[in-house]
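Structure first, then comments.
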2 protein chains.
Amino acid sequence: MVTMSDVAKAAGVSRATASYALRGDPRIAPATTDRVLQAARALQYTTNLSARSLRSGRSGLIGVAIFELDFPYPSEMSAAISREVARHGLEAIVQETSNSKESEIAILQKVTSQLCDGTIFSPGNVSDEEIRALSGGKPVVLLDDLSPDPVFDSVATPCEAGTETAIRHLVDIGCRRILVIGANYDMLAEDRGATSVSGRRLIGCLNAFEVLGITPDPSQFVSTEWRTANARAMAHTLVDSGVEFDGAFCMTDSIALGFIRGLADRGVNVPQDAAVIGFDGINECDYYIPSLSTIATDMEDLARKAVGLLLDRIDGGGVPARTLTADYRLVARESTRR
Amino acid sequence: MVTMSDVAKAAGVSRATASYALRGDPRIAPATTDRVLQAARALQYTTNLSARSLRSGRSGLIGVAIFELDFPYPSEMSAAISREVARHGLEAIVQETSNSKESEIAILQKVTSQLCDGTIFSPGNVSDEEIRALSGGKPVVLLDDLSPDPVFDSVATPCEAGTETAIRHLVDIGCRRILVIGANYDMLAEDRGATSVSGRRLIGCLNAFEVLGITPDPSQFVSTEWRTANARAMAHTLVDSGVEFDGAFCMTDSIALGFIRGLADRGVNVPQDAAVIGFDGINECDYYIPSLSTIATDMEDLARKAVGLLLDRIDGGGVPARTLTADYRLVARESTRR
DNA sequence: ATGAAAGCGCTAACAG
DNA sequence: CTGTTAGCGCTTTCAT
């Protein structure tokens with residue numbers, strides 16, 4: 001392994017000078033800097049991240065902790081964030097929390113707090129206080145953190161507004177009996193549900209119904225795991241039990257795709273028999289048959305906002321926590337074409 | 001920040017003893033170990049990864065470098081590897097190479113060689129020699145490395161055998177005029193194409209045709225970028241130009257899905273008008289309409305093999321490079337049901 | 001403009 | 001069984 005001492009020796013300077021020169025410190029004479037840089041290149045020197053990080057507390061690494069890597073939405077989000085991080089000359093490292101508390105803790109305390117200059121974290125099973133304790137003071141930006149009073153900077157998906165837009169779209173195209181798939185209606189009884197993504201999307205629905213003068217019926221709200229397979233099975237159940245509906249808003253695109261597939265299994269056609277709209281804007285929407293209308297979260301925008309908040313926090317300000325919301329747009333495709 | 005000295009002091013032992021105790025070294029008396037562990041817990045101590053890594057050369061981190069994080073196949077693979085790594089008590093960090101040489105180099109020399117105990121790398125634009133030089137001697141396992149004589153351990157997808165199975169399946173169900181989508185037929189002229197995934201899958205096709213007594217026609221092999229959108233456009237082109245076919249093998253599932261969608265755009269139905277089969281076994285196959293028949297690479301098996309090779313290499317043996325091939329199975333679904 | 005020296009927090013010989 | 005000691009490679013005062 002070639003160390004900075006080797007480079008310094010080759011360039012005929014001290015280790016300190018080499019260190020400065022390698023990082024382009026203006027205090028070093030251009031000629032000297034050149035000599036050092038050349039020596040470094042000749043020796044194929046690379047600075048040792050552990051050593052730098054140990055000494056300076058900076059690694060140039062940004063952590064991205066996401067619940068599942070093998071579903072379209074989180075993986076597209078991770079990709080968007082990785083690219084945004086790269087655009088700032090830093091390196092993103094993505095880790096899967098697998099939605100397990102144990103794993104979230106391990107990531108925060110082993111990697112985030114020790115190694116990363118900051119972390120973008122999609123919290124699942126860990127409280128703000130735990131994050132605070134585990135992250136060892138390192139900056140953290142949360143994704144869809146819905147604490148009543150946020151402790152951390154965070155970026156939210158446009159739950160309420162997006163959902164309202166979706167419902168309005170279904171009504172616009174003539175749907176009269178709309179199902180909401182993936183909702184947990186009981187949740188509202190407790191705390192108005194504002195502290196979860198599902199709760200906030202539900203609230204968006206209710207707002208839309210209210211504005212549109214529609215009185216919602218609890219039976220419209222269908223609870224199911226947010227997974228494609230569950231949504232598919234739920235479609236079977238609904239059709240088999242003879243529930244009438246001409247439109248469905250699904251809490252995520254993955255749910256929507258499973259739901260449409262489930263309807264197809266029972267001979268119910270989208271959009272002829274029922275219109276379906278999702279939420280997220282994953283790539284598959286465009287080439288599914290039928291192509292899926294959706295509330296597309298602007299992932300670039302989300303990434304930009306999350307990384308922006310994190311970098312602001314890294315170089316400095318003890319400003320109060322900010323919460324931003326990602327942009328979105330309604331993308332109307334075949335699944336709501338009537 | 002609480003360091004090991006703090007723990008040692010709290011437990012009334014030396015730093016060395018604390019270090020041993022924390023790692024459960026049997027040389028330390030159980031009572032002492034207990035005391036240290038308790039002190040550590042009380043102080044919320046976590047060992048500093050940079051320091052450990054700097055000193056011992058081990059971090060417990062396994063790098064996973066993958067070309068794109070926002071496509072189903074690579075993201076499912078990353079997830080499978082992450083979980084397999086976790087199963088061994090290590091932490092996986094995933095990085096996107098974005099298929100750029102610059103980025104591959106940065107990952108190898110900044111993160112792999114400095115920080116990770118080993119890396120599972122999906123090479124795109126970087127040669128074996130470059131990897132050797134950049135990885136600083138750290139163990140590397142390649143994914144689908146197709147060097148004529150491999151320098152590194154690697155795990156390959158079952159290109160030839162899988163493709164043969166796919167073609168045979170199409171013929172079995174009665175296809176007489178089969179298109180191969182995503183093939184680069186010219187490639188064969190050069191080096192028999194054995195050094196790329198696309199080339200090896202093409203070879204699998206030709207083997208199958210030969211065995212089945214079919215004389216392939218170059219016009220059956222359709223070259224296109226391995227992207228859904230390109231495959232879709234290619235379907236348009238093919239149908240518009242009146243090419244006759246009753247079956248298609250697509251080099252990946254993503255290509256297949258785009259291709260089917262493109263056929264649908266032109267009123268060609270799968271499987272009635274043409275059967276389609278893909279390769280990879282991504283999750284979407286199951287709920288696409290029509291569900292997609294495919295050669296499903298066993299991702300668990302691939303992950304197990306890759307991680308196994310890497311761990312073997314990490315603790316030791318200078319044994320010669322091994323190349324393993326992941327298991328696969330034919331999954332017949334609606335897209336080839338006639 | 002450059003160099004000497006002091007550690008960052010940890011581990012691993014080596015003593016005792 | 002436990003403690004002493006010497007660094008890992010780098011950054012950063014502080015001198016010069």
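Just so we're on the same page: letters track the sequence lines, and every chain starts at 1.
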Using distance alone, with no hydrogens and no angle criterion, decide if [X] and [Y] have a side-chain donor and acceptor under 3.5 Å apart.
X	Y	result
B/Asp128	B/Ser147	yes
A/Asn283	A/Glu76	yes
A/Ser50	B/Ser53	yes

Nucleotide nearest A/Ser19 (side chain, heavy atoms from C-beta), chosen from D/dT11, D/dG9, D/dT2: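 The answer is D/dT11, which lies nearest to the side chain.
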Of the candidate nucleotides C/dT11, D/dG9, D/dT11, which contains the atom at the shortest distance from the side chain of B/Met4?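 Nearest nucleotide to the side chain: C/dT11.
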Would you kindly compare A/Gly12 and B/Ser56 by the position of their nearest DNA chain C nucleotide and give the one closer to the 5′ end?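 Counting from the 5' end, the first nearest nucleotide belongs to A/Gly12.
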Whole-Å distance separating the [atom1] atom of [X] from the [atom2] atom of [N]:
X	N	atom1	atom2	result
A/Leu54	D/dC8	CG	C1'	9 Å
B/Asp6	C/dG9	CG	C1'	11 Å
B/Leu49	C/dT11	CG	P	10 Å
A/Arg52	D/dC8	CZ	P	19 Å

Regarding [X] and [Y], does a basic nitrogen lie under 4.0 Å from an acidic carboxylate oxygen?
X	Y	result
B/Asp25	B/Arg23	no
A/Asp153	A/Arg313	yes
A/Glu84	A/Arg87	yes
A/Glu300	A/Lys305	no

Nucleic acid contacts - residues 29-48 of chain B versus DNA chain D, non-hydrogen atoms under 4.0 Å: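 B/Ala29, B/Thr32, in order of number.
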Among B/Asp145, B/Ile66, B/Val141, B/Ile131, which one satisfies side-chain contact (heavy atoms from CB on, under 4.5 Å) with B/Phe121?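 One option only clears the test, and that one is B/Ile131.
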Any side-chain N or O of A/Arg23 less than 4.0 Å from the OP1 or OP2 oxygen of D/dT12?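 For D/dT12, OP1 or OP2 has a side-chain N or O of A/Arg23 closer than 4.0 Å.
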Considering just the side-chain nitrogens and oxygens of A/Arg27, establish if one lies under 4.0 Å of OP1 or OP2 belonging to C/dA1.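 False: A/Arg27 side-chain N/O out of range (4.0 Å or more) of C/dA1 OP1/OP2.
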Nucleotides 4-7 of chain D: which of its N/O atoms have a protein N/O under 3.5 Å away?
unit_1, atom_1, unit_2, atom_2, d
D/dG7, N2, B/Arg55, NE, 3.4
D/dG7, N2, B/Arg55, NH1, 2.9
D/dG7, N3, B/Arg55, NH1, 3.1

Applying side chain to side chain donor-acceptor pair (under 3.5 Å), run through B/Ser196 and B/Arg200 and close with a yes or a no. CA-CA 6 Å; B/Ser196 74; B/Arg200 288 185 42 206; over 6 Å; no
